Amino acid sequence: MSWIFKSFLAAGIACAGAAAKADTIIDNPRAAGSFISEYDNALAPLQFVKFCMNYGTECEHDTVADQQIPPSGERASAMLREVNHSVNDAITPIQKPTNPLLRHWTLSPAAGDCNDYAVTKRHRLIEMGWPKSALRLAVVLIAGGQGHLVLVVRMSDGDVVLDNLSSSVRPWNAAGYQWISMQSGSDPRFWVAVSEHGEHLRASRLSSLRTPS
């Protein structure tokens, strides 16, 4: 049942650590060069739906742009470090209302929470020529089971994370998070369940189909 409950987390992200400074989470020494496993379609966060209504171009599926090859090597790493650092410095962390109906995601606010950091970083990288298919918002759980939003960047050699809780750009499996859902790479309007959470949800669905009525 816990896996089913977590599938509804995306409806409203409490944004744990919204008032925390960068580097409050200790990096785990995990290997780079791997990708987040993707499974079935998942419920998009309610605030994401509202964000797309307010910032339509951020969620449009641009087939031509997505055919572009993302930057690579040290040039790409330098761009990601600069964007992660500059956005973390530019936005003052605040705690927003917990009611998902009152919450909203904003680009480049003076003050904001984890959602605002993540969408602003994605917006900056799109402006710098990165394809949307390589820039994936993702819902995770941090220690204590609190919801948090980060930006996953799909590189040619693995997924990395831009996070307002860290000044470092880290491999996705070095953050110590529990991964719940992420934007689809084929269409930024849709989300998919990921990692062990997605695997368990799929197994649960398959088991229910095999169970005689």
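Here the structure is a predicted model, which is why all the values come from computation and not from measurement.
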- Item | Approximate separation, where rounding is to 0.5 Å, of L80 CG and M128 CE | 8.0 Å
- Going from CZ on R189 to SG on C52, what distance comes out if it is rounded to the nearest 0.5 angstrom? 9.0 Å
- Nearest-0.5 Å distance that lies between atom CZ in F35 and atom CE in M155: 10.0 Å
- In terms of heavy-atom contacts, N88 and S167 come closest through ND2-CA, 4.3 Å
- Evaluate the side chain to side chain contact (heavy atoms under 4.5 Å, CB included) criterion for residues W179 and V152: first the C-alpha distance (whole Å), next the side-chain angles of each, then the deciding distance (0.1 Å), finally the verdict. CA-CA 11 Å; W179 294 81; V152 173; 3.6 Å; yes
- Let me see the working for D113 and Q95 under side chain to side chain contact (heavy atoms under 4.5 Å, CB included), right down to the final yes or no. CA-CA 6 Å; D113 61 12; Q95 186 70 50; 5.9 Å; no
- Measure from the side-chain N and O atoms of S166 to the backbone N and O of D163, and report whether any donor-acceptor pair falls under 3.5 Å. no
- Message: Is any side-chain heavy atom of M79 closer than 4.5 Å to one of W130?
- Response: yes
- Partner set under side-chain hydrogen bond (donor to acceptor under 3.5 Å, both in side chains) for N54, not counting sequence neighbours: none
- Message: Does V194 form a side chain to side chain contact (heavy atoms under 4.5 Å, CB included) with Y39? I'd like the steps, not just the answer.
- Response: CA-CA 6 Å; V194 297; Y39 292 90; 5.6 Å; no
- Any donor-acceptor pair under 3.5 Å linking the side chain of Q178 with the backbone of L141? no
- Query: How far apart are the closest heavy atoms of A134 and P70, and which atoms are they?
  - Reply: CB-CG, 4.0 Å
- Task: Specify the closest pair of heavy atoms between L149 and A138, including all atoms of both residues, with the distance to one decimal.
- Result: CD1-O, 3.3 Å
- Task: Only pairs at least two apart or in different chains count here, so list each salt bridge (charged side-chain N to carboxylate O under 4.0 Å, His left out) that has a residue in residues 43-61.
- Result: E58-R122
- State the CG-CG distance between N164 and N115, to the nearest 0.5 angstrom. 9.0 Å
- Heavy atoms only: give me the nearest A118-V150 pair and the separation to one decimal. CB-C, 4.0 Å
- Any salt bridge (charged side-chain N to carboxylate O under 4.0 Å, His left out) pairs touching residues 140-155, not counting sequence neighbours? E38-R154, R154-D159
- Query: Between the main-chain N or O of S186 and the side-chain N or O of S184, is there a donor-acceptor pair closer than 3.5 Å?
  - Reply: yes
- Query: Do side-chain atoms of Q47 reach the backbone of H104 as a donor and acceptor pair under 3.5 angstrom?
  - Reply: no
- Side-chain (Y117) to main-chain (G112) donor-acceptor, under 3.5 angstrom: no
- Query: Looking only at atom types and distance, does a side-chain atom of R136 sit under 3.5 Å from a main-chain N or O of M182, one as donor and one as acceptor?
  - Reply: no
- Task: Output, in order, the C-alpha distance, side-chain angles, deciding distance and verdict of side chain to side chain donor-acceptor pair (under 3.5 Å) for W172 and S34.
- Result: CA-CA 8 Å; W172 73 275; S34 66; 3.0 Å; yes
- Do W191 and F48 have ring centres separated by under 6.0 Å? yes
- Message: Please check this pair: side chain of N84 against backbone of R81, looking for a donor-acceptor N/O pair closer than 3.5 Å.
- Response: no
- In Å, rounded to the nearest 0.5 Å, how long is the span from CG of L125 to CG of L135? 5.5 Å
- Shortest non-hydrogen contact from P188 toward Q183: O-NE2, 2.8 Å
- Rounded distance [0.5 Å steps], NZ in K121 versus CG in L137: 11.5 Å
- Does T120 reach the main-chain N or O of L107 with its side chain, forming a donor-acceptor pair under 3.5 Å? no
- Message: So which atom in A193 and which in A42 form the shortest heavy-atom distance, rounded to 0.1 Å?
- Response: N-CB, 3.5 Å
- V161 and L151: CA distance, side-chain angles, deciding distance, side chain to side chain contact (heavy atoms under 4.5 Å, CB included) verdict: CA-CA 6 Å; V161 180; L151 177 65; over 6 Å; no
